[in-house]
Student: 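I have a structure I would like to understand better, so I am pasting it below and will then ask my questions one at a time.
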Amino acid sequence: MSNTPTRPHRRDRTHWLYLAVIAAVIAGVLVGWLAPGVGRSVAELGTIFVNLIKMMISPVIFCTIVLGIGSVRAASRVGRVGGLAIGYFLIMSTVALGIGLVVGNLLHPGTGLDVAGHAKDAAIYAEQAEGAGGTWKFLESIIPTSLLSSLTTGSVLQTLFVALLVGFAVQAMGRTGEPILRGVELVQKLVFRILTMILWLAPIGAFGAMANVVASTGLRAVGQLAMLMVGFYLTCVVFVFGVLGTLMRVAAGVSIFGLVRYLAREYLLIFSTSSSESALPRLIAKMEHLGVERTTVGIVVPTGYSFNLDGTAIYLTMASLFVADAMGKPMSLGEQVGLLVFMIIASKGAAGVTGAGLATLAGGLQSHRPDLLGGVGLIVGIDRFMSEARAITNFSGNAVATVVIGTWTETIDPLRVRAVLSREIPFDETTMVDDHMVSA
């Protein structure tokens, strides 16, 4: 109780930061609407901020995984967590795809629309999807050209791969590897300190991103295809609070509402930048603070960002049905089942493609129903607005997965979870590192 006066003072500074983000989002919408030219001219502000965050992702993942695996005595425990994670991701992605199909069939949002004028727009995204190179190319891309290049290319999977190798190597070294772990701990503190400095630029990035999207698409883009957008947002809400919430309550005894409140600032950051990657380092830090062991966090969170894209899965099936209806070529039940099976695989590569949502959608339709490819351009205008729901749902899915898998593998402290979610143990916004847990 003696240190309670200092905690609120520290939190107040960051509290003003996130209030500034909200103000910046509102200002960005107004500027993009009232002065489109100015809105387009500040687009790079949003891009620069997201790039600054992405710059820190590889070091954060590397330090977290090396520390997590290197400090565990039994390698089989790491394999158990990884195996459970992959199986969980596959099942939940399939559930998300199925929910998207059901809602798409109930709403039929694309019926009666004319998409002829947008057909040519889809070629760009199809080319991006082809650049992914299919499953084997995707697997090949996991191997970096050198050990250090994994930290400089920005590939999450390459960083994950190298960090696993280093972590297991340090683990095998035993006591000899302890100085390496202490060095990585210091590097992790440095990385998170840099990250907190970058986050103070969040209002500028949020302003640039929102001003540009409103200036580029106009407010009419929101109303033009409102049914698809509202349906998609509601589906994501049902999935997060219904499916994921029920799963977490049953499996871990934790309320989804408490977890969402705990991650409120991360949701704001994702919404303002339209990128779940912008909150990845903070999710790692907060899951460790919540009471999940570093090994579990280090495996589940980075892997989930590439393989557990629940929001993208919902989007892929709903958007596919929307395009089919809009072009007057609705899919039969058999075609929908075939599409679902195809998208289970295609959605796993979405994280490695620039413009993941549209590119994967275009690639999936080109392989499964090439006659529908021309309709992808119809949703280009509102894709940016839908990407927030995709990113937030993806982020929520990975947060829940960390808690659930931590419970199944008994690598989570239930008492600490309750204390953190009830705000008895506040998260230190100034360092983002829990010294007690780092030294444990």
Side-chain angles (χ1 to χ4, degrees), residues 10 51-79 81-82 85 142-199 277 279-306 402 406 411-413 416 427-440:
R10 285 184 169 184
N51 287 343
L52 283 171
I53 295 292
K54 288 182 178 180
M55 175 182 74
M56 306 304 299
I57 289 176
S58 289
V60 168
I61 291 175
F62 180 82
C63 292
T64 302
I65 293 178
V66 171
L67 288 173
I69 296 177
S71 59
V72 174
R73 300 296 173 89
S76 59
R77 182 171 156 195
V78 177
V81 172
I142 296 176
I143 312 299
T145 55
S146 71
L147 196 67
L148 296 179
S149 69
S150 62
L151 297 175
T152 59
T153 58
S155 170
V156 172
L157 288 179
Q158 288 186 6
T159 304
L160 176 63
F161 177 74
V162 170
L164 286 171
L165 291 179
V166 175
F168 281 120
V170 172
Q171 181 190 67
M173 292 171 66
R175 289 186 174 273
T176 309
E178 289 181 1
I180 299 176
L181 288 178
R182 287 195 294 270
V184 175
E185 282 183 1
L186 292 175
V187 172
Q188 185 192 49
K189 289 186 177 183
L190 172 64
V191 168
F192 277 120
R193 179 64 72 175
I194 295 172
L195 186 62
T196 57
M197 295 164 60
I198 292 174
L199 285 173
E277 285 187 342
L280 188 152
R282 288 182 60 89
L283 179 61
I284 289 176
K286 279 204 161 181
M287 287 295 103
E288 287 188 17
H289 175 74
L290 185 65
V292 185
E293 289 187 12
R294 181 181 284 134
T295 309
T296 303
V297 175
I299 294 173
V300 176
V301 174
T303 307
Y305 261 69
S306 292
T402 307
T411 55
I412 190 173
D413 183 351
R416 183 179 175 91
F427 179 72
D428 190 345
E429 293 281 352
T430 59
T431 65
M432 291 174 57
V433 174
D434 192 319
D435 288 324
H436 172 72
M437 295 194 72
V438 169
S439 60

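Being a predicted model, the structure only gives us computed values, none of them experimental.
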Student: If you define the side chain from C-beta out and look only at heavy atoms, does anything of Val300 sit under 4.5 Å from Met287?
Tutor: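 No, every pair of side-chain atoms sits at 4.5 Å or beyond.
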Student: I'd like to check Val162 versus Pro144 (side-chain heavy atoms, cut-off strictly below 4.5 Å). Are they in contact?
Tutor: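 Val162 reaches Pro144 side chain to side chain.
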Student: Within the structure provided, determine whether Ile412 and Thr296 are in side-chain contact (heavy-atom separation under 4.5 Å).
Tutor: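 When only atoms from C-beta onward are counted, Thr296 and Ile412 do not touch, as no gap falls below 4.5 Å.
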Student: Could you grab the distance from atom OG1 of Thr159 to atom CD1 of Ile142, nearest 0.5 Å is fine?
Tutor: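 Going from OG1 on Thr159 over to CD1 on Ile142, the span is 12.0 Å.
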Student: For Val170 and Gly177, work out which heavy atoms get closest and say how close.
Tutor: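 In this case the closest contact between Val170 and Gly177 is CG1-O, 3.7 Å.
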Student: To check you understand the geometry: which heavy-atom pair defines the closest contact between Arg175 and Pro179, and what is its length?
Tutor: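 Smallest interatomic distance, heavy atoms only, reads O-CD, 3.8 Å.
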Student: Can you tell me how far the OG1 atom of Thr402 sits from the CG atom of Leu283, to the nearest 0.5 Å?
Tutor: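 If I round to the nearest 0.5 Å, the distance is 5.5 Å.
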Student: In Å, rounded to the nearest 0.5 Å, how long is the span from CD of Gln158 to OG of Ser149?
Tutor: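 Answer for the CD-OG pair, Gln158 versus Ser149, is 6.0 Å.
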Student: At what distance, to the nearest 0.5 angstrom, does NZ of Lys189 lie from CD of Glu185?
Tutor: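 So the gap between those two atoms works out to 7.0 Å.
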Student: Among Arg294, Arg416, Arg282, which residue meets the salt bridge (Lys or Arg N to Asp or Glu O under 4.0 Å) test with Glu288?
Tutor: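 Exactly one pass, corresponding to Arg294.
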Student: With sequence neighbours left out, what residues match Thr176 under side-chain hydrogen bond (donor to acceptor under 3.5 Å, both in side chains)?
Tutor: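 Counting only residues at least two positions away or on another chain, Thr176 forms no side-chain hydrogen bond (donor to acceptor under 3.5 Å, both in side chains).
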Student: Apply side chain to side chain contact (heavy atoms under 4.5 Å, CB included) to Ile194 and list each qualifying residue two or more places apart in sequence or on a separate chain.
Tutor: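 Listed in chain order: Met56, Leu190, Ile198.
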Student: Output the distance between atom CD1 (Ile299) and atom OG1 (Thr411), rounded to the nearest 0.5 Å.
Tutor: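 Reported value, rounded in 0.5 Å steps: 9.0 Å.
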